Amino acid sequence: METRLALVRRARRMNRILAETYPDAHCELDFTNPLELLVATILSAQCTDKRVNMVTPTLFAKYPTVEDYAAADPSEMEGIIKSTGFFRAKTNSIIGMAQAVSAKHGGVVPRRLTDLVALPGVGRKTANVVLGNAFGVPGLTVDTHFQRLVRRFGWTDETDPVKIERVVGELIPKREWTVFSHRVIWHGRRICHARTPACGVCPLAALCPSYGTGPTEAAKAAKLVRPGPFS
DNA sequence: ATCCCGAGGG
DNA sequence: CCCTCTGGAT
């Protein structure tokens, strides 16, 4: 059983290695404007950031302000964002979010987590992305990558994002929460994949309790694999 | 086939 | 906890 002290030390080392490995980890939805970042993040659900970035110029030109989104014609907006998938739900979310921001916050995107999460289509992950990357408020963005990695790191098996934030928040300094989230997510995208993690080239191998317990690339190629504690 | 830096509803 | 929503890339 790992002691609390050992756990904290290991977490700090992992964070340091991630920082060295991904020195320029950042939000790939590169908007400093809160409204733009909020809309782009809503669009990014189950869709690559590249594809989101292909529609945002057209979208932001047509809807420059909260009021423009609030008064938007749904079918027109669907046409613009169609290629990002889930376009009906996303259109409803964006218009509903804008109407709520207009009615409850005077057309200004709120800076508080509770206010952001209360907006239609805005969950905890999206809210923390906006807080961290547009408002400079530290936040852990617990997406599917983050969730998977902290489990493999042996930090927590919790699935509830709030509980995960609480556990990780005690291991990582608050002022690094935002960039730490990006490091973890970048690592998940590049090496610590859901099905077949590339443990052979992982810079965290020596510190990872899940090292070697997952399917190898060779086994995967031979189709002899069932991911154990993975997924 | 499987995945993409999710959210809402049952 | 489950399901659904969607198109595009690999």
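No hydrogens, no waters, no symmetry mates; every other heavy atom, side chains included, goes into these values. Note on naming: letters A, B, ... go to the chains in the order of the sequence lines (proteins, then strands), and numbering restarts at 1 for each one. In this text the structure is predicted, and so the values were computed from the model without any measurement.
- Note on ring orientation: taking the six-membered ring where Trp is involved, the planes of F180(A) and W155(A) are parallel (angle under 30°, cut-offs 30° and 60°).
- Residue I95(A) contributes atom CD1, which lies 18 Å from atom P of dA7(B) at whole-angstrom precision.
- Across the protein-nucleic acid pair, M97(A) atom CE and dA7(B) atom P stand 13 Å apart, rounded to whole Å.
- The heavy-atom pair separating T84(A) from R51(A) by the smallest distance is CG2-O, 4.3 Å.
- Here the nucleotide nearest the side chain of W186(A), chosen from dG6(B), dC1(C), dC5(B), is dC5(B).
- Distance check: H193(A) NE2 to H187(A) NE2 gives 9.0 Å after rounding to the nearest 0.5 Å.
- Backbone-only engagement by V122(A) is indicated by non-hydrogen atom pairs under 4.0 Å involving sugar-phosphate atoms exclusively.
- Mapped onto DNA chain B by nearest heavy atom, T141(A) and L119(A) fall at different nucleotides, with T141(A) at the one closer to the 5' end.
- Proximity of a side-chain donor or acceptor of R10(A) to a complementary backbone N or O of F153(A) within less than 3.5 Å is detected.
- If you take CD1 of I164(A) and C1' of dC5(B), they are 14 Å apart, rounded to a whole angstrom.
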>> Quick one, E36(A) with T56(A), criterion side-chain hydrogen bond (donor to acceptor under 3.5 Å, both in side chains). Give me CA distance, side-chain angles, the key distance, then yes/no.
In response: CA-CA 8 Å; E36(A) 291 185 344; T56(A) 47; over 6 Å; no
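- The CD-C1' distance, from Q147(A) to dA7(B), rounds to 14 Å in whole Å.
- The residue H187(A) sits apart from the nucleic acid: no heavy atom pair falls under 4.0 Å.
- Rounded to an integer number of Å, the gap from CG of D160(A) to C1' of dA7(B) is 15 Å.
- Near DNA chain C, meaning a heavy atom under 4.0 Å from it, residues 30-59 of chain A has Q46(A), R51(A) in order of number.
- Here, dC5(B) and dT4(C) have their P atoms 23 Å apart, quoted to the whole Å.
- Taking the charged nitrogens against the carboxylate oxygens, R124(A) and E165(A) do have a contact shorter than 4.0 Å, which makes a salt bridge.
- For T126(A) (side chain) and V122(A) (main-chain N/O), no donor-acceptor pair under 3.5 Å exists by modelled atom type.
- One interatomic measurement links the two molecules: NE2 of H182(A) to P of dC5(B), which rounds to 13 Å at whole-angstrom precision.
- R148(A) places its CZ atom 14 Å from the C1' atom of dT2(B), with the value rounded to the nearest Å.
- Among the nucleotides dT2(B), dC4(B), dA7(B), the one closest to the side chain of R189(A) is dC4(B).
- Among P197(A), P209(A), C199(A), the single residue meeting the side-chain contact (heavy atoms from CB on, under 4.5 Å) criterion with R152(A) is P197(A).
- With distances taken from any side-chain atom of E28(A) to the nucleotides dC1(C), dC5(B), dG6(B), the minimum falls on dC5(B).
- Comparing S93(A) and I185(A) along DNA chain B, the residue whose closest nucleotide (by nearest heavy atom) sits nearer the 5' end is I185(A).
- Side-chain contact, N133(A) with H182(A): a donor N or O sits under 3.5 Å from an acceptor N or O.
- One finds a side-chain N or O of H145(A) lying less than 4.0 angstrom from the OP1 or OP2 phosphate oxygen of dC4(B).
- Nucleotides dT6(C) and dC3(B) are separated by 13 Å at their C1' atoms, to the nearest Å.
- In this structure, CZ of R124(A) is placed 16 Å from P of dG6(B), rounded to the nearest angstrom.
- Geometrically, R190(A) engages W186(A) in a cation-pi contact defined by less than 6.0 Å to the ring centre and at most 45° from the axis.
- Rounded to whole Å, the P atom of dC3(C) lies 16 Å from the corresponding atom of dT2(B).
- Interface residues of residues 78-92 of chain A facing DNA chain C, ordered by number: K82(A), S83(A), G85(A), F86(A), F87(A), R88(A), A89(A); criterion, heavy-atom separation under 4.0 Å.
- Residue contacts shown for T144(A) are limited to sugar-phosphate atoms, with no base heavy atom under 4.0 Å away.
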